[in-house]
Amino acid sequence: MAEELRVVLRNYGKINPLNIDDYINAGGYKSLEKARSMSQMDVIQEVKKSGLRGRGGAGFNAGQKWMFAYQAQADQKYVICNADEGEPGTYKDRIIMESDPHSVLEGMAICGYAIGANKGYIYCRGEYPYVVDILNTAIAQAKAKGVLGEFDIEVRMGAGAYVCGEETALIESIEGSRGEPRYKPPFPPVSGLWGKPSIVNNVETFANIAIILEKGADWYASLGAPSYPGTKVLTLTGDVVNKKFIEVPTNTTIREVVYGFGGGIPGGKKFKAVQIGGTSGGFIPESLLDTPIDFDSMAAIGATLGSGAVLVMDETRDIVDVVERIAKFFEHESCGKCAPCREGTMRMYKLMSKVNKGQGTAKDVALMERLGRVMSVACLCGLGQAAPTPVLTTIKHFRADYDAKLQ
Amino acid sequence: MVDYKAIIAKYKDLPGGIIEAYHAIQKEQSFIPEEAIIAAAEAFNIPVKDAYGVATFYSMFSVKTRGKNVIRICESAPCHIAGAAQVVAALEKELGIKMGETTPDGKFTLEFTECVGQCQATPVITINGKPYGDITPEKIPAILAEYK
Ligand SMILES: NC(=O)C1=CN([C@@H]2O[C@H](COP(=O)(O)OP(=O)(O)OC[C@H]3O[C@@H](n4cnc5c(N)ncnc54)[C@H](O)[C@@H]3O)[C@@H](O)[C@H]2O)C=CC1
Ligand SMILES: Cc1cc2nc3c(=O)[nH]c(=O)nc-3n(C[C@H](O)[C@H](O)[C@H](O)COP(=O)(O)O)c2cc1C
Ligand code: SF4
Ligand code: FES
């Protein structure tokens, strides 16, 4: 069986997260020092060459994004760590911040040096007040030791809105407004927080940075799948024996995740489906389990890696019922700024409820397919665009489950 | 009596600090009354409608009275399939109220929430933000006793 590969979680369980000396003794903050001895451009090139792509779900090349912010001319720039982690079934960023907060701070400080920013924010979801305390302790210790130099980091708390994980909504929230997404472009690297060039990266993305500088871009690029190198922290939920988090190279297959690391389905039951990437991800049937989890392989089968949540369902699960629940989630979390999402998520939920209650017809299913296709292109932000994915992928792969409930 | 103005004053010079100020108020009394919204609007120099707009956008904030202890039940898909509905039924029975309601003595409010990021232990509830995992109906009386 394939083994876990702990790159991001290299210090998990080995150091006391509340003691900066532990992190330093494990080699911590050496990469920041190294970065500061390099030119800004060389740091960016190294990150770019490593092939590291955003672990928040969209998979954008991190070094490329930093380049945009580096090139932008401004008197002030910002580094923002996205710790909103709203995707149901996901808790990987919490594990990283709880076990090794300094790895995130170091990654942010390296980014700050590279793009020319002296101020960082961590936007941590309001559901993690205990993580906020850990981060504030870590920041205070780093300041006392002077390891961050001129780079300042402040923690801000979200307050229970899934959409605030979307980077421009997150920026609105830090500015003290309702978390409604902005029109893009301009993208944040050009105009972000208070209109200034800003890098928004995920917690796991930042936690990869120090080790890339330590061991080199070539080392990192050689791990996992060539087009999406490195590892991914996954969180296993639902009908699996091992409900836990794992960190694996990105060329690991879904089957290895579910049956190897996950230990298979409990109670001798059969596999039915797995939804990867959280509630906005696609449902995957048995026939596609040999797909590697990397971003592009998942996209090729019409699924997503997303946040790395892995929700396994056994043969007894009612797929239509689960998708109705998911449709309600989107109806509730839609921010209401644009009509295709505000109205679309509401209609989708109503149709799913109707079908789930046994009152739907084949026409309703066809209507949902059409609505879903429209939403995936017409909605303003990723929330509305991804909202129909669970509906569309289950109609595609589990049509019989719908048919069994139709009139 | 909570001194809203004094709490808000601590955040007044923090750019965008209104959300932090609301969190601080809710730490004291579990909801944000109109008086506090008006005080926040003044301190952050924004129209009252905007201060109200922020308070109502975020699901962790409430502009309506809530009980002293806010119990939230996660109903996201992983908790849903792990039996969140049974947890809801057991809590409603134990407290004698429905979801969204507050007990007559003002001690407990029941609310739904989406995923709180403790999915290794579904189903999950939180009480005043503190998570409790692997909840079964049998475990509920003992947990509630901590807050009575
Ligand atoms: N981790 C979690 O809890 C959640 C993750 N997601 C994920 O979020 C993803 C969608 O995120 P979005 O930010 O909407 O994707 P996006 O593709 O619009 O952007 C991805 C990143 O690349 C940057 N970018 C893209 N084009 C750029 C350009 N031309 N110039 C400069 N920067 C550019 C963006 O600023 C952003 O940081 C989904 O794939 C989903 O998996 C969604 C919900 C929750
Ligand atoms: C509705 C929605 C919610 C999102 N939630 C998160 C989140 O909780 N955490 C995160 O890192 N990215 C989230 N994203 C993606 C961010 O917009 C952005 O792509 C990401 O933070 C960039 O960081 P990365 O390049 O390091 O992945 C979300 C996107 C959408 C559309
Ligand atoms: S797609 Fe939905 S969440 Fe995104 S801006 Fe439109 S209404 Fe808001
Ligand atoms: S799904 Fe309920 S805590 Fe994550």
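Naming: A, B, ... by sequence-line order, numbering from 1 per chain. Both backbone and side-chain heavy atoms feed into the values below; hydrogens, waters and symmetry mates do not.
- The 12-atom threshold is not exceeded at OH of Y12(A), counting heavy atoms of other residues, nucleotides or ligands nearer than 6.0 Å.
- In E315(A), the CD atom is crowded: over 12 heavy atoms of neighbouring residues, nucleotides or ligands sit closer than 6.0 Å.
- Interface remark: R156(A) contributes backbone and side-chain atoms alike to the contact with chain B (heavy atom separation under 4.5 Å).
- Across all non-hydrogen atoms, the minimal contact from H23(B) to A159(A) is NE2-CB, 3.8 Å.
- The number of heavy atoms from other shown groups lying within 6.0 Å of CG (N45(B)) does not exceed 12.
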Sequence neighbours left out, cut at 3.5 Å: what donor-acceptor pairs do the side chains of residues 80-98 of chain B make with other protein atoms?
residue, atom, partner, partner atom, Å
H80(B), NE2, D321(A), OD2, 2.8
E92(B), OE2, M99(B), N, 3.0

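- The 12-atom threshold is exceeded at CZ of F31(B), counting heavy atoms of other residues, nucleotides or ligands nearer than 6.0 Å.
- Neither the backbone nor the side chain of Y162(A) has a heavy atom closer than 4.5 Å to any heavy atom of chain B.
- Contacts of E85(A) with chain B are absent, with no heavy-atom separation under 4.5 Å from either backbone or side chain.
- Heavy atoms of Y130(A) lying under 4.5 Å from chain B belong exclusively to its side chain.
- In this structure, the portions of R178(A) lying under 4.5 Å from any heavy atom of chain B include both its backbone and its side chain.
- A distance-only check finds a donor-acceptor pair linking the side chain of E20(B) to the backbone of M157(A) [under 3.5 Å].
- The residues E114(B) and K328(A) are annotated as not salt-bridged, no charged nitrogen and carboxylate oxygen being separated by less than 4.0 angstrom.
- In terms of heavy-atom proximity, W194(A) sits nearest to G16(B) at CZ2-N, 4.3 Å.
- Heavy-atom pairs under 4.5 Å with chain A were tallied for V54(B), T126(B), I18(B); the largest tally goes to V54(B).
- Interface remark: of the candidates R125(A), E154(A), E175(A), E180(A), R125(A) forms the most heavy-atom pairs closer than 4.5 Å to chain B.
- For K64(B), the NZ atom sits in a loose shell: 12 or fewer heavy atoms of surrounding residues, nucleotides or ligands are nearer than 6.0 Å.
- Ranked by non-hydrogen atom pairs under 4.5 Å with chain B, the options G336(A), G179(A), A309(A) are led by G179(A).
- For T90(A), the part lying under 4.5 angstrom from a heavy atom of chain B is the backbone only.
- For K139(B), the NZ atom is densely surrounded, since the number of other residues' heavy atoms within 6.0 Å is greater than 12.
- Proximity to chain B (any heavy atom under 4.5 Å) is restricted, for V155(A), to the backbone atoms N, CA, C and O.
- Contact of V323(A) with chain B is not made at all, since no heavy-atom distance falls under 4.5 Å.
- Taking the side chain as every heavy atom from C-beta outward, I19(B) and S173(A) approach each other to under 4.5 Å.
- What you find for C115(B) and P88(A) is that their closest heavy atoms are CB-CA, 3.5 Å.
- Looking at S59(B), its side chain does come within 3.5 Å of a backbone N or O of G160(A) through a donor-acceptor pair.
- Across Y128(A) and G117(B), no two heavy atoms sit closer than the pair OH-CA, 3.4 Å.
- Enclosure of atom NZ in K119(A) by more than 12 non-hydrogen atoms of other residues, nucleotides or ligands within 6.0 angstrom is indicated.
- A heavy-atom distance below 4.5 Å is not found between the side chains of Q120(B) and K244(A).
- For E75(B), the parts lying near chain A are the backbone and the side chain together; criterion is any non-hydrogen pair under 4.5 Å.
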For this session: Decide side chain to side chain contact (heavy atoms under 4.5 Å, CB included) for Q118(B) and R94(A); before the verdict, give the C-alpha distance in whole Å, the side-chain angles of both, and the deciding distance to 0.1 Å.
Result: CA-CA 9 Å; Q118(B) 296 286 341; R94(A) 171 172 66 80; 3.5 Å; yes
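- With a 4.5 angstrom heavy-atom cutoff, L311(A) touches chain B only via side-chain atoms.
- Heavy-atom pairs under 4.5 Å with chain B peak, among Q275(A), K243(A), R325(A), at R325(A).
- A heavy-atom distance below 4.5 Å is found between the side chains of C335(A) and F57(B).
- Listed for the Y91(A) side chain is no donor-acceptor partner under 3.5 Å among the backbone atoms of V116(B).
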